[in-house]
*Asks:* 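There's a structure below that I have some questions on.
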Amino acid sequence: MRLSADMLEIIACTILILVSVVGNVCLFYSTRKCITGRFQTSFLLIFCLVFVHLLKNLVVNVMKIVYSSGFMLDSAGCKVVHFTAALTTSLAIWFVLYFALVYHRKLYHTVHPLSKAPNLDHQGHSAKAVCALAVAGVAVYIPVLLCTTKSEHRRVGNQTAPWSPNRFYVSCFLYFGNKQMEFYYGKIFLVLIDILPLATLVFVCFWMSVLLLERKKMTYGNIWIGDDDSEIEILRGAKFSILLMWLVTPLWISHFILVYFLKDLAACVFFPAVLTALSSGFSALSPFLLMLVNYKVNLVSFCGAREEKPTPQPAEVILSPYA
């Protein structure tokens, strides 16, 4: 029995929802256990990413399942799906870029230490920046919420056709009523607010790769000094940022290309499921990448430096300057 486009999309959405919920809940729980001292910027960004990922899957993909099951979405449903999908995609990219910038700064100061110790307490500024990003995202996509509408076309002919005129990707669309707004906002601005942060993310991660290579070759007076807990956390965050870049960038580019050629591929049965996998794949897989990186470093989740009791030194022992 050949599966229809609706069935394939339901299967894809169900798998993504289950994987995303399990991964993000585990990530939230493991990160929350780390908070024993001061609340670090990385904790805040991880919690924001968890919220954005769950919002995408529990709102967008659930509504896609409802629509593909035969229930009709009205104009309000189309607005919610389009607005939430676009907003969560951009916020995920922005938060990942902010995450990478935080660890790029820390890694740079580790490889090229300043003569004066930098002030690393930026929790207040980070909270304001995250709130500003969230508000900016909502403001940017308000026209999407207002201009999304539902086509009045009805299903005609064969009811089991793999692609019909009232499919979600065709029946729910943006209608601006103004060609200039459609071109400048719909085709240029909405692309730039994602592609520019992605390009910046690629550049920052490439720079971090160079810094990691420099860090690997670093010695102090030809004597190698092992990494302490804070440096391990910085190295782990930098590597995770690079992994996230390699995941989110190909997914976004692939989704953009397929949407651009939507009319040419509309007859493909698997097309809706592939679009769903590309748009929600990052929210489902990224939590497991973070936990995988933590597994490589003894299952420690982005915790700050552990407080250890100093070992008492006998008075007659001469301490080495490299101790």
Side-chain angles (χ1 to χ4, degrees), residues 9 12-13 15-17 19-21 23-24 27 45-65 67 77-100 130 132-148 168-169 172-174 185-202 205 241 243-262 271-287 289-290:
E9 187 170 19
C13 289
I15 294 174
L16 288 167
I17 291 173
V19 173
S20 179
V21 169
N24 283 286
L27 176 59
L45 291 173
I46 289 174
F47 290 149
C48 290
L49 283 172
V50 168
F51 175 76
V52 168
H53 294 337
L54 291 177
L55 185 65
K56 175 183 280 287
N57 283 278
L58 296 179
V59 175
V60 178
N61 287 341
V62 167
M63 295 188 73
K64 286 183 180 180
I65 291 176
Y67 186 81
C78 287
K79 292 178 183 293
V80 171
V81 173
H82 266 280
F83 174 77
T84 307
L87 176 62
T88 53
T89 298
S90 293
L91 287 181
I93 294 173
W94 298 352
F95 288 152
V96 170
L97 174 58
Y98 191 13
F99 189 91
V130 169
L133 289 176
V135 172
V138 173
V140 162
Y141 285 107
I142 284 179
V144 173
L145 183 64
L146 298 177
C147 297
T148 300
F168 168 77
Y169 301 97
C172 294
F173 62 95
L174 286 172
Y185 175 80
K187 294 184 177 180
I188 295 181
F189 181 73
L190 290 182
V191 176
L192 290 179
I193 60 175
D194 282 347
I195 201 169
L196 290 180
L198 278 176
T200 306
L201 176 63
V202 172
C205 289
S241 301
L243 286 177
L244 287 181
M245 182 274 293
W246 282 111
L247 178 63
V248 67
T249 304
L251 287 175
W252 188 91
I253 293 175
S254 301
H255 184 269
F256 174 77
I257 292 174
L258 287 182
V259 171
Y260 185 79
F261 295 105
L262 176 64
F271 186 63
V274 172
L275 279 183
T276 298
L278 292 175
S279 63
S280 302
F282 179 72
S283 62
L285 298 178
S286 59
L289 281 180
L290 176 56

*Asks:* With sequence neighbours excluded, what pairs up with V274 under the side-chain contact (heavy atoms from CB on, under 4.5 Å) test?
*Replies:*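 Partners of V274 by the side-chain contact (heavy atoms from CB on, under 4.5 Å) criterion, ordered by chain and then number, come out as L258, F270, L278.
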*Asks:* So V52 and S283, do their side chains get closer than 4.5 Å, heavy atoms only?
*Replies:* no
*Asks:* Rounded to the nearest 0.5 Å, what separates atom OG1 in T88 from atom CZ in F95?
*Replies:*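 Atom-to-atom, T88:OG1 and F95:CZ are 11.0 Å apart.
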*Asks:* Of all the heavy-atom pairs spanning L133 and Y98, show the shortest one and how long it is.
*Replies:*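 Closest approach of L133 to Y98, heavy atoms only: CD1-CD2, 4.3 Å.
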*Asks:* Of the non-hydrogen atoms in S279 and T276, which two are nearest, and what is the gap between them?
*Replies:* OG-O, 3.1 Å
*Asks:* By side-chain contact (heavy atoms from CB on, under 4.5 Å), which residues pair with F51, not counting sequence neighbours?
*Replies:* L55
*Asks:* Of all residues at least two apart in sequence or in a different chain, which pass the ring-ring contact (aromatic ring centres under 6.0 Å, His included) check with F83?
*Replies:*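 Testing F83 for ring-ring contact (aromatic ring centres under 6.0 Å, His included), a comparison that skips the adjacent residues, returns none.
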*Asks:* Identify the heavy atoms of A100 and L201 that sit nearest to each other, and give their distance.
*Replies:*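 For A100 and L201, the tightest heavy-atom pair comes out as CB-CD1, 3.7 Å.
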*Asks:* Can you list the residues that meet the ring-ring contact (aromatic ring centres under 6.0 Å, His included) rule with F282, with sequence neighbours excluded?
*Replies:*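 With neighbours one apart ignored, the set is H53.
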*Asks:* At their closest point, which heavy atom of V140 faces which heavy atom of P143, and how far apart are they?
*Replies:* O-CD, 3.3 Å
*Asks:* What pair of heavy atoms forms the shortest contact from C78 to T148, and how long is it?
*Replies:* O-CG2, 3.6 Å
*Asks:* What pairs with N61 under side-chain hydrogen bond (donor to acceptor under 3.5 Å, both in side chains), at least two apart in sequence or on another chain?
*Replies:*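 Only N57, S280 meet the side-chain hydrogen bond (donor to acceptor under 3.5 Å, both in side chains) criterion with N61.
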*Asks:* Can you tell me how far apart CG (L145) and OG1 (T84) are? Round to the nearest 0.5 Å.
*Replies:* 8.5 Å
*Asks:* Can you find a pair of side-chain heavy atoms, one from K56 and one from T89, that are under 4.5 Å apart?
*Replies:*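 In contact.
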*Asks:* Check V62, V60, L54 against I17 for a side chain to side chain contact (heavy atoms under 4.5 Å, CB included) and give me the one that passes.
*Replies:* V62
*Asks:* Please report the shortest heavy-atom distance between K79 and C147, naming the atom on each side.
*Replies:* NZ-N, 4.4 Å
*Asks:* List the atom pairs, donor and acceptor, that lie under 3.5 Å between side-chain atoms in residues 245-254 and the rest of the protein, sequence neighbours left out.
*Replies:*
from	atom 1	to	atom 2	distance (Å)
T249	OG1	M245	O	2.9
W252	NE1	D194	OD2	3.3
S254	OG	P250	O	2.8

*Asks:* Given side chain to side chain contact (heavy atoms under 4.5 Å, CB included), test L190 with I193 step by step and report yes or no.
*Replies:* CA-CA 6 Å; L190 290 182; I193 60 175; 4.1 Å; yes
*Asks:* Are any non-hydrogen side-chain atoms of L87 and V144 less than 4.5 angstrom apart?
*Replies:*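 No, side chains not in contact.
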*Asks:* For residues 136-146, pull every pair meeting side-chain hydrogen bond (donor to acceptor under 3.5 Å, both in side chains), keeping only residues two or more places apart or in separate chains.
*Replies:*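 For residues 136-146: S90-Y141.
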*Asks:* Sequence neighbours excluded, which residues qualify as side-chain contact (heavy atoms from CB on, under 4.5 Å) partners of A284?
*Replies:*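 Listed in chain order: L16, V19, S20.
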*Asks:* Evaluate the side-chain proximity of L49 to L27: yes if any heavy-atom separation is below 4.5 Å, no if none is.
*Replies:*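 Contact flag for L27/L49 side chains = no.
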*Asks:* Please say whether more than 12 non-hydrogen atoms of neighbouring residues, nucleotides or ligands are located less than 6.0 Å from CD1 in I195.
*Replies:*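 No, because the 6.0 Å sphere around CD1 of I195 holds 12 heavy atoms or fewer from other groups.
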